[in-house]
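Quick note on labels: first sequence line is chain A, next is B, and so on, each numbered from 1.
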Amino acid sequence: MNIINLTRDYDEDFVHRVEEESGQKVSLCYQCGNCTAGCPYTFVYDIPVSQIMRLVQAGQKKTVLSSKSIWLCATCESCTTRCPNNIDVACIMDVLRHMARREGLAAVPQVKTFWDSFLDSVRAHGRVFELGLLINYVAKTGRFWTDMDLGPKILPKGKLAMKPHEIQGKEHVARIFERFERESNS
Amino acid sequence: MSEAIAYYPGCSGLGTSKEYDTSTRAVCAALGLSLVDIPDWSCCGSTPAHTKDHTLSAALSARNLQLVANMGMTAAATPCPSCLTNLRTANHRIEAAPFKAKVDKLLDEPYGGDVNAISVLQALVENVGLDTIKAAVRTPLKGLKVACYYGCIMNRPPELMAFDDCENPMAMDNILAALGAEVVPFPLKVECCGASYGIPRPDVTAKLSGKLLEAAVGVGADMVAVACPLCQMNLDLRQSQVNRAMGTNYRIPVPYFTQLMGVAMNIADTEIGFGKLNVDPRPVLSRALSGAD
Amino acid sequence: MRIGVFVCHCGSNIEGTVDTGIVAKTALDFPEVVFATDTMYACSEPGQDGIIQAIKDKNLTGVVVASCTPRMHEPTFRRAVERAGLNRFMFEMANIREHVSWIGKDREANTNKSVDLVRIAVEKLRRDAPLIPSKFSVNKRVMIIGGGVAGIQAALDCADGGLEVVLVERDSSIGGKMAKLDKTFPTVDCSSCILGPKMVDVAQHPNITLHAYSEVDAISGYVGNFQVQVKKKATYVDWELCTGCGACMEKCPSKKNPDVFNEKIGPCTSINIPFPQAIPKKAYIDATTCRQFVKGKCGVCAKVCPTGAIRYDMTDEIVTEDVGAIVAATGYDLFDISKIAEYGGGRYPDVITGLQYERLLSASGPTGGHIKRPSDGKEPKNIVFIQCVGSRDKSLDRPYCSGFCCMYTAKQTILTKDHIPDSQSYVFYMDIRAPGKMYDEFTRRAMEEYGARYIRGRVAMVYPKGDKLMVRGADTLAGTQVEIEADLVVLAAGAEAAKGAPQLAEKLRISYDKYGFFMESHPKLKPVETNTAGVYLAGSCQGPKDIPQSVGQGSAAAAKVLALFSKDMLESDPQISRVDIKRCVGCGKCIMTCPFKAIKEVEFRGQKKAEVIETVCQGCGICTSTCPQGAIQLSHFTDNQILAEVNALCQS
Amino acid sequence: MPVLTGKELRIVGFLCNWCSYGGADTAGVGRFNQPTDLRIIRVPCSGRIDPLFIAKTLIGGADGVLVSGCHPRDCHYAEGNFYARRRLEVLKRFLPILGIDPGRFDYTWVSASEGQRWQKVVTVFTEQIHALGPAPRFDAVAPELLAKIAGAIGQGGNRVAA
């Protein structure tokens, strides 16, 4: 295991940015572990959420932003709800994903691809086109076996629309995305 | 004594949770709660939006909230907890003026910030009331053992959702009890089912949904009533994936609570839409109901 | 007047952010100031000597010290100027530490503000007059409120010191929380074996009057002369006649009531003596469950009582006790575990509090000292203890540490192993707080000798699975989620202020913090005193405490009372209201507003006038701001003085 | 000189000895930083505070006045703060008649244990006064006016206004 030199390797700016973007004070965390205890996703995390909090406190930007955990958090809010110090942990996980994206990091690429495909669908149609989203995701990841088994179960039910519900204001929705991109690049 | 509220079905209401949408509309209409469609509503952005950026997420929600305001209404109900969370989070975050300014910059029309969003479940409990629901029951669900599963974000975090108990919610339990069903205490009411990882990480969803099905069977439930399209999909449509991953053999129906309301209120089968579920609840239902006689 | 000003450095506490030299120099420009200097530590012996010397050398007639808060050292400096021959009320303080140097780092602004505060102190002092205290007699009886171990100790020490003691206890027996405990840490000696004899001493001590099943209704008066109204709640049993034989309990048909003494994990009868060692060992009837009261007919206990002690028509009775001092020892209550829904307390019968577990361990408890879980009476094998339930939790507005839970949990794991050798205890903890003598060693023994498995982390949820309770927590040291299939879950429920504590504080006119714990006069130096003279504190009513601390405080409070009563006469504070008889028009408004009935109407040359009863006046000054004529003035806080301070600030 | 020109405004506090003065002490002991504008006048009880003290302070040139006592029911003198609340509430309504912005005066309750609350109270009130800026100076206020207000509040007029 690497030795962390806390005088040299403490990224103060990272700690400040996490606090600013999440509106949370990370020094409130006293490492009780309640978030990890309740997190349904601990079993797939590479770093349990309480240790993510610890590493944020310790200013360990690279370790945190390259972790798989931040991409496997489903924002189920159990950590936020049960934190004895009222820290919105789920919001911090969200903010860490935002920062990882900005750094070009995505330790679980298929999750990011799925979310991006979802947003692409919203941007194109104004609403999510479920079947289109799935096809798009499969095309991007090459994971052609995804949910193939479910096709026979769902298609006969007539639930999945074969074409998107285009809304009249879809240009407006697209403009939201465009302006967002302009703002984030400026 | 009809009450009106704007209605935001959410994208899945047009597809994978059609039966939630139709049963919700039918039940509310029968109970005198008038759901007024929001013209040209768009997607709230769901989880993918807030994991990308909070301003973007709030703008996607705010567009819809402003559409409600333009209808001259001040409240919207949605059946989907994920939509609900996004709409409420947007409202909460724009209370801070600098954040609101950033959101308005992304919008064609700035959002005034005065439209409240609640769940259909909350509207049924608070705007309609259990007494009215009870009075509308024509076929009591006597003998049916139901576990009520609320999903992770219907009530959490409590400061944001401001509805029911965040650890032991009772709204759906109370409705089903009013319908005459036997509600079994379900300890994992608010545990996460695996959310939207069904596609990118099916292993994760299978394990989490598997725990829920195990618990529901363990407490002797005939079926699991749900209030979330994603939960429903994970527990019902993906039940075969669960069985394969966990080596189990569950075959337990997972209807929306509004569908069960529809049964008790003698709503037309076409509106209830049991046929759209993967595990058809009708055999279990008729067995339970006839056993009660 | 010849005024001297002394500006204290307080080491670097003040000098660090205030230029005391400039403050002193500027003070020389103020009216009637003839001497000003800065000084290193004004309160030290050389500091006080310097003040005394200056008074003598410069013929000072008044002194201002600019230093810390007057709530700290005003009495110190008053004594110093008195030693120099001045009247001790010819003295004022400027608080340039707590209100200046400690709350900001801007040296220029702080120096400036200090000058202002000295200026108003000088202006006030210029209008001070010498005051002479008068004397009043002391009623050397003391009331102790609360008969837990702290109150028992205070009562016994006062009584042994020769004082008459009135002990008031809310429940039907004294003993408090300690009486419910099985064993005590870190010695594992039997709680009732060490408390029992003290309880008997209370019952037998000739100097102690015990009002059990009683509550303080109202308090009036002041140090040396309080009048306390005690409500003796109806027990429906004549305690003069009751012998405590227990025949009524055997025959009472209403047997399934939650037993409060057993923390509601066992049943009890409606007529009840809570436990065998109860003091007084007398029965009382719970009218909310008794059939005679609920249904209007039964009368079984009246029929079986061999002494004919049952009195269904008994009513609450108020007795008035005159005392000279009061010790509040009202203890604590437990956090309501049902507020943490994820742990299932109140929903799942096998999730219990630590105090309930004590009752399961106790030979006099509902299970006769056998650990049986409440749901099915089975002996549990895997027992999970969860720490900090309602402690150190900001989200529940309980941010404080309850102090004793770590220790009693360690004790309970040891006792569990003794009771059930093939059992396994698990303890979820965040930090182990064991700072007492032999405490840390004790917690180590629990782990090393008794095999208790300690897991560092909180528990997120407890839920039933079959007949087990699934406990899902974290092991933060291993960095993982853990699950335990438990038979019984014991929650270390935190301590919170006793129910009704704020209301009692209001009656006592003492302060309490936001959690309802009573405020001591000084957190370090006056731990058992309050800001109300003659009212003292002992035990957990001030904040969570274990048994040794509570006993220590009981003795400390007793020592304070004995010291107070060592004098036959007390000096009253002369900073009281005085009536200018020429201006008084006898309207009586002051009489109506005085909260202490310290003003009476007198006839003076055929006219009605107000007159202040010196020893009763507490010096609040409500009368002064009520009087339309300005005829009644609070000494040292006169209208003129306050307005002089206002002018000094406005016109500087 | 005592108010730093351009930096500070003249804010006067009237604090009861037992609760709020203690709370301000607690804030000091806890090193809870505060703006430096406020000067505290100690009184035994908020019930000792004559509303005309406050009027006179504001007319006399203060930019803000803050009163703080014990929380209702927690008064060292049992009921002094109830008298204070009634009087101060009336005063607040009369300030506009004197031409004084009522935002320049506020009263609150802070207990001796509430150091952090005191820090917040001082900070917020100081910011509030800075937002209002320096108070306009009064050339002369007719004593009759003060007396009239005193009459309306129901006490004290004959002496303090004189």
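The 12-atom threshold is not exceeded at CD of A/Gln168, counting heavy atoms of other residues, nucleotides or ligands nearer than 6.0 Å. No more than 12 heavy-atom neighbours from other residues, nucleotides or ligands sit within 6.0 angstrom of CD on C/Glu485. Within a 6.0 Å sphere centred on NZ of C/Lys465, other residues, nucleotides and ligands contribute 12 heavy atoms or fewer. Within a 6.0 Å radius of CD in A/Glu20, no more than 12 heavy atoms belonging to other residues, nucleotides or ligands are found. Residue C/Lys381 places its NZ atom among more than 12 non-hydrogen atoms of other residues, nucleotides or ligands, all under 6.0 Å distant. Taking a 6.0 Å sphere around NZ of A/Lys157, one finds it holds more than 12 heavy atoms contributed by other residues, nucleotides or ligands. Residue A/Lys68 qualifies as open at atom NZ: its count of foreign heavy atoms under 6.0 Å is 12 or below.
Contact between C/Arg458 and A/Pro84 at its shortest, heavy atoms only, is NE-CG, 3.7 Å. Summarising the geometry of C/Gln481 relative to A/Thr36, their closest heavy-atom pair is NE2-O, 3.1 Å, with the distance given to 0.1 Å. Of all non-hydrogen atoms in C/Gly479 and A/Pro48, the two that sit nearest each other are O-CG, 3.3 Å. Here the closest heavy-atom approach between residue C/Ala460 and residue A/Asn34 is recorded as CA-OD1, 3.2 Å.
A/Cys83 touches chain C through its backbone: at least one of N, CA, C or O sits under 4.5 Å from a heavy atom, while the side chain does not. Of the two parts of A/Tyr30, the backbone and the side chain both hold a non-hydrogen atom closer than 4.5 Å to a non-hydrogen atom of chain C. Residue C/Arg398: no heavy atom, backbone or side chain, is found under 4.5 Å from chain A.
With chain C as partner, the option from A/Ser50, A/Cys79, A/Cys39 having the largest number of non-hydrogen pairs under 4.5 angstrom is A/Cys39. Ranked by non-hydrogen atom pairs under 4.5 Å with chain A, the options C/Gly473, C/Pro399, C/Gly457, C/Cys388 are led by C/Gly473.
Here the side chains of C/Glu342 and A/Thr81 are not in contact, with every heavy-atom distance at 4.5 Å or above.
Between atom CZ of residue C/Arg472 and atom OG of residue A/Ser78 there is a gap of 8.0 Å, rounded to the nearest 0.5 Å. Rounded to the nearest 0.5 angstrom, A/Gln31 CD and C/Asp431 CG are separated by 11.0 Å.
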Exercise for the section: Dump the intermediate steps for side chain to side chain contact (heavy atoms under 4.5 Å, CB included) on C/Thr476 and A/Arg54, then the final yes or no. Expected result: CA-CA 11 Å; C/Thr476 61; A/Arg54 180 71 201 137; over 6 Å; no
